[in-house]
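Everything below concerns the one structure shown next.
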Amino acid sequence: MTPTLLYDGTCRFCTAQAARLRRFGRGHVQVESAYAPGVRERFPMLPLDETSGMMGEIKLVDADGRVLGGAAAIARTIEYGGGPLGLLARLYRVWPVRPIADAGYRVIARNRYRLRGKCDEGGCEIEPKA
């Protein structure tokens, strides 16, 4: 299975970041909206918030079916892309980088709709592959 990054496709900020992460992943990671048709059937292990029906954070399902969320998902996606940036992403594993990155991610995730808003008609388009 190809690693797959799943993002909030109703969020303009999230869609822009997913496009950026697709470039950083250099073709080694598939990027999809978590709310696109068929995604929940292919990835039933994805947790959803009971009240909102949303994931709450970006998720990466790796080749073995393990799910990483938030800053860990972003770091691993960049690692998959390799190169100097991939090596730099490994710093996420080092204390105190991990707790700082996780805290920063939580603040941004909570405020993601304030940053750029929700998409019209419920879904954003990710920019075409370059």
Side-chain angles (χ1 to χ4, degrees):
M1 168 195 298
T2 301
T4 304
L5 186 74
L6 299 156
Y7 66 96
D8 179 352
T10 67
C11 165
R12 292 182 191 282
F13 176 80
C14 304
T15 301
Q17 301 317 307
R20 182 172 289 119
L21 288 166
R22 182 174 56 197
R23 287 191 304 275
F24 292 158
R26 297 181 180 181
H28 298 284
V29 178
Q30 185 175 336
V31 178
E32 294 185 54
S33 168
Y35 311 121
V39 169
R40 294 297 306 168
E41 291 77 20
R42 289 188 357 256
F43 301 103
M45 73 288 277
L46 291 178
L48 288 180
D49 181 273
E50 304 254 339
T51 56
S52 70
M54 305 293 271
M55 286 191 321
E57 65 182 0
I58 198 166
K59 300 288 186 191
L60 176 72
V61 180
D62 72 10
D64 296 324
R66 290 182 299 244
V67 179
L68 299 172
I74 292 169
R76 185 65 57 87
T77 297
I78 296 169
E79 279 184 53
Y80 278 129
L85 195 56
L87 289 172
L88 188 61
R90 290 181 182 200
L91 286 176
Y92 172 76
R93 300 176 190 178
V94 178
W95 190 91
V97 174
R98 176 180 235 146
I100 292 169
D102 290 345
Y105 182 90
R106 284 191 300 275
V107 169
I108 291 169
R110 263 194 314 272
N111 295 290
R112 67 187 182 272
Y113 295 124
R114 290 184 192 149
L115 294 170
R116 294 197 44 201
K118 280 192 164 191
C119 300
D120 300 328
E121 300 177 22
C124 299
E125 294 289 325
I126 196 166
E127 63 189 46
K129 292 182 182 176

Q. Within the side chain of Arg22, is there an N or O that forms a donor-acceptor pair under 3.5 Å with the backbone of Ala19?
A. no

Q | Closest approach of Asp102 to Ala71 (non-hydrogen atoms, all atoms of both residues) | A | OD1-CB, 3.4 Å

Q: Can you see which heavy atom on Ala63 is nearest to which on Tyr80, and at what distance?
A: N-OH, 4.3 Å

Q. Can you list the residues that meet the side-chain contact (heavy atoms from CB on, under 4.5 Å) rule with Val94, with sequence neighbours excluded?
A. Leu91

Q: Considering only Ile, Leu, Val, Met, Phe, Trp and Tyr, and joining two whenever side-chain heavy atoms are under 4.5 Å apart, list the other residues clustered with Phe13.
A: Ile108, Leu115

Q) What pairs of residues pass the side chain to side chain donor-acceptor pair (under 3.5 Å) test when at least one of them lies in residues 54-63, not counting sequence neighbours? A) Glu57-Lys59, Asp62-Arg66

Q) Which is it for Ile58 and Leu6 under the side-chain contact (heavy atoms from CB on, under 4.5 Å) test, yes or no, and what are the steps along the way? A) CA-CA 6 Å; Ile58 198 166; Leu6 299 156; over 6 Å; no

Q: Could I get the full list of side-chain hydrogen bond (donor to acceptor under 3.5 Å, both in side chains) partners for Tyr105, not counting sequence neighbours?
A: none

Q) Quick one: do Leu5 and Tyr92 end up in the same hydrophobic cluster if we chain Ile, Leu, Val, Met, Phe, Trp and Tyr together by side-chain heavy atoms under 4.5 Å apart? A) no

Q.
Going by side-chain contact (heavy atoms from CB on, under 4.5 Å), name the residues that satisfy it together with Ala103, two or more places apart in sequence or in a different chain.
A. Arg106

Q) Looking at residues at least two apart in the chain, or sitting in another chain, which of them share a salt bridge (Lys or Arg N to Asp or Glu O under 4.0 Å) with Arg93? A) Glu79

Q | Same apolar cluster: Ile74 and Val107, side chain cutoff 4.5 Å | A | no

Q.
Nearest 0.5 Å, please: how far is SG in Cys14 from OH in Tyr113?
A. 6.5 Å

Q) With side chains defined as the heavy atoms from C-beta onward, is the minimum distance between Thr4 and Val31 less than 4.5 Å? A) no

Q: Can you see which heavy atom on Val61 is nearest to which on Phe43, and at what distance?
A: CG2-CD2, 3.8 Å

**Q.** Straight-line distance of His28 NE2 to Ile78 CD1, nearest 0.5 Å
**A.** 13.5 Å

Q: Can you sort out the partners of Arg76 under salt bridge (Lys or Arg N to Asp or Glu O under 4.0 Å), two or more places apart, ordered by chain and number?
A: none

Q: Answer yes if Leu88 and Leu68 sit in the same cluster of Ile, Leu, Val, Met, Phe, Trp and Tyr residues linked by side chain heavy atoms under 4.5 Å apart, and no otherwise.
A: yes

Q: Can you sort out the partners of Arg26 under salt bridge (Lys or Arg N to Asp or Glu O under 4.0 Å), two or more places apart, ordered by chain and number?
A: none

Q: Starting from Ile100, walk the hydrophobic network (Ile, Leu, Val, Met, Phe, Trp, Tyr; side-chain heavy atoms closer than 4.5 Å) and list everyone else you reach, by chain and number.
A: none

Q: For Ala75 and Ala89, work out which heavy atoms get closest and say how close.
A: O-CB, 3.5 Å

Q) Which is it for Thr10 and Thr15 under the side-chain contact (heavy atoms from CB on, under 4.5 Å) test, yes or no, and what are the steps along the way? A) CA-CA 8 Å; Thr10 67; Thr15 301; over 6 Å; no

Q.
On a heavy-atom basis, which atom in Gly9 and which in Ser33 lie closest, and how many Å separate them?
A. CA-OG, 3.3 Å

Q: Nearest 0.5 Å please: distance from the OG1 atom of Thr77 over to the CG atom of Leu60.
A: 4.5 Å

**Q.** Transitive ILVMFWY side-chain link Leu87 to Phe24, under 4.5 Å
**A.** no

Q: List for me each residue that meets side-chain hydrogen bond (donor to acceptor under 3.5 Å, both in side chains) alongside Glu32, sequence neighbours excluded, and say none if there are none.
A: Gln30, Arg42

